[in-house]
Amino acid sequence: MKADLQFDFLVDKENNTMTIRREFAAKRKLVWDCHTKSELLDQWFAPKPLTTKTKTMDFREGGHWHYAMVDPDGQEYWGRMDYQTISPINHYTALDGFSDESGSLSAELPRSNWDVTFTDAPGRTLVQTIVTYKSPNDLQKVIDMGMKEGLTSTLERLDELLLTLNEQRKEG
Amino acid sequence: MGNNQSALDSVFHALADPTRRAVIQRLGQGPATVSELAEPFDMALPSFVKHIAVLEASGLVGSKKIGRVRTCTLKPRKLAAAERWFGEQRALWESRYHNLDNLLSGLSGEKQ
C-alpha cells in the first residue's frame, strides 16, 4: 500500500458506531466491484490468516451475501450481509449478521448496520464504512461473543503492547 | 465489566499515541518516575506531563507523589475486553484493506 493512503478508524461509543475511512489507489468502479461481486470479495474480505468463502450472493435490494470466514484449521465463521439500499457505485446499506451454514441468522447475536459510501478523490477512491449497533447492549453482546469464540484471537494483536500487559497480568 | 462508555473512549484515545504506548510498555517492566519515563523522549517536560495526564485519566496508569518525585505504575486490569475488541476490529479492517490493496493493484495491472 502507498504510505500516503488515508486510513481513519473512529469509535463513537455514544452512538455504538465505528467509522472506517480508507483510500484506495484505484478507480471508483473497480473499488465498487470489489465490494459487491462475490468472486472479488472472496479475495479480500477476511483478515489474514483467514480466507473468505461465498455460499450464495444476490447483490440487490432485499438480497443477501452468505459467506464464511475460514481460519487455517478449517473452522468456519458464517455471516450474512443483507442488502437494503443500493445506489451503484456511490452507496449501499446493509445489515451484517452472524448466521449458520444454512444461512439462518443467529437468534442471540445482534446485527450491525453498514452504511458504505464511495467517493472520488484525486487519483484514488475514498471508501467510508459506518458500522452501527442499535444499542450499547447489542455492542456488548458482540464484544462478549468475540472474547469467547476466539475468532479475534487468531487476528493480529492490537500490538505488542497488549502481549506485554497480558504477560504482566499472568505473572501478577 | 460494565458499560462505562466514556472510560472506554479515554483508554482508546490513550493508546492511540506512540509516546503513550511507549510509556505503557516501559511501565510494563515496573514503576518509574516521571523523569525516568521522559528521558527517552526528545520532548519538553510540560508536553510529556500532558501525556502522563491522559494516561492517568484513562485509568491505565496511576501515580503517587512522594516528596518532589512522582512515580507512575501500570494498572493493567483497566484494559478491559471492550478496548481489546475495538483494537482487534481496527486490526481486522487494516488487514482486510491490505488484502484489497493487493487485489486492486492486480486488477488494475490486468486492465492496462
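The structure displayed is predicted, hence computed values, not measured ones. Just the heavy atoms: all of them, side chains too, but no hydrogens, waters or symmetry mates, feed the values below. So that the names make sense, note that chain A is the first sequence line, chain B the second, and so on, each numbered from 1.
- Looking at L41(A), neither its backbone nor its side chain comes within 4.5 Å of chain B, counting heavy atoms on both sides.
- Counting heavy atoms of neighbouring residues, nucleotides and ligands inside a 6.0 Å radius, atom NZ of K27(A) does not exceed 12 of them.
- If you chain together hydrophobic residues whose side chains sit under 4.5 Å apart, M43(B) and L27(B) fall into the same group.
- In the hydrophobic cluster analysis, where Ile, Leu, Val, Met, Phe, Trp and Tyr join through side-chain heavy atoms closer than 4.5 angstrom, W114(A) is grouped together with V127(A).
- Cluster membership for L92(B) and F7(A), using ILVMFWY side-chain heavy atoms within less than 4.5 angstrom, is shared.
- The two residues S95(B) and P47(A) have their closest heavy-atom pair at OG-CA, 3.4 Å.
- Under the 4.5 Å side-chain heavy-atom criterion for Ile, Leu, Val, Met, Phe, Trp and Tyr, F45(A) and Y92(A) are members of the same hydrophobic cluster.
- With a threshold of 4.5 angstrom between heavy atoms, T129(A) approaches chain B through side-chain atoms but not through N, CA, C or O.
- Note: F9(A) and F86(B) fail the aromatic proximity criterion, with ring centroids not under 6.0 Å apart.
- Taking the six-membered ring where tryptophan is involved, the planes of Y97(B) and H35(A) are tilted, since the angle between them lies from 30° to 60°.
- D8(A) has no carboxylate O lying under 4.0 Å from a charged side-chain N of R90(B), or vice versa, which leaves the two without a salt bridge.
- Counting all heavy atoms, side chain and backbone alike, R22(A) lies closest to H98(B) at NH2-N, 4.1 Å.
- In this structure, CH2 on W85(B) lies 4.0 Å from CE on M18(A), to the nearest 0.5 angstrom.
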Step-by-step side chain to side chain contact (heavy atoms under 4.5 Å, CB included) determination, L40(A) to L107(B): CA-CA 10 Å; L40(A) 296 173; L107(B) 293 170; 3.9 Å; yes
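- A continuous path of ILVMFWY side-chain contacts below 4.5 Å connects L37(B) to F41(B), so both sit in one hydrophobic cluster.
- Remark: R96(B) engages no residue in a salt bridge (charged side-chain N to carboxylate O under 4.0 Å, His left out) (not counting sequence neighbours).
- Proximity to chain B (any heavy atom under 4.5 Å) is restricted, for V131(A), to the side chain, taken from C-beta onward.
- Atom CG of residue D101(B) and atom CH2 of residue W44(A) lie 10.5 Å apart, to the nearest 0.5 angstrom.
- Heavy-atom pairs under 4.5 Å with chain A peak, among L100(B), N99(B), L103(B), at L100(B).
- In this structure, Q75(A) places its CD atom where more than 12 heavy-atom neighbours from other residues, nucleotides or ligands lie under 6.0 Å away.
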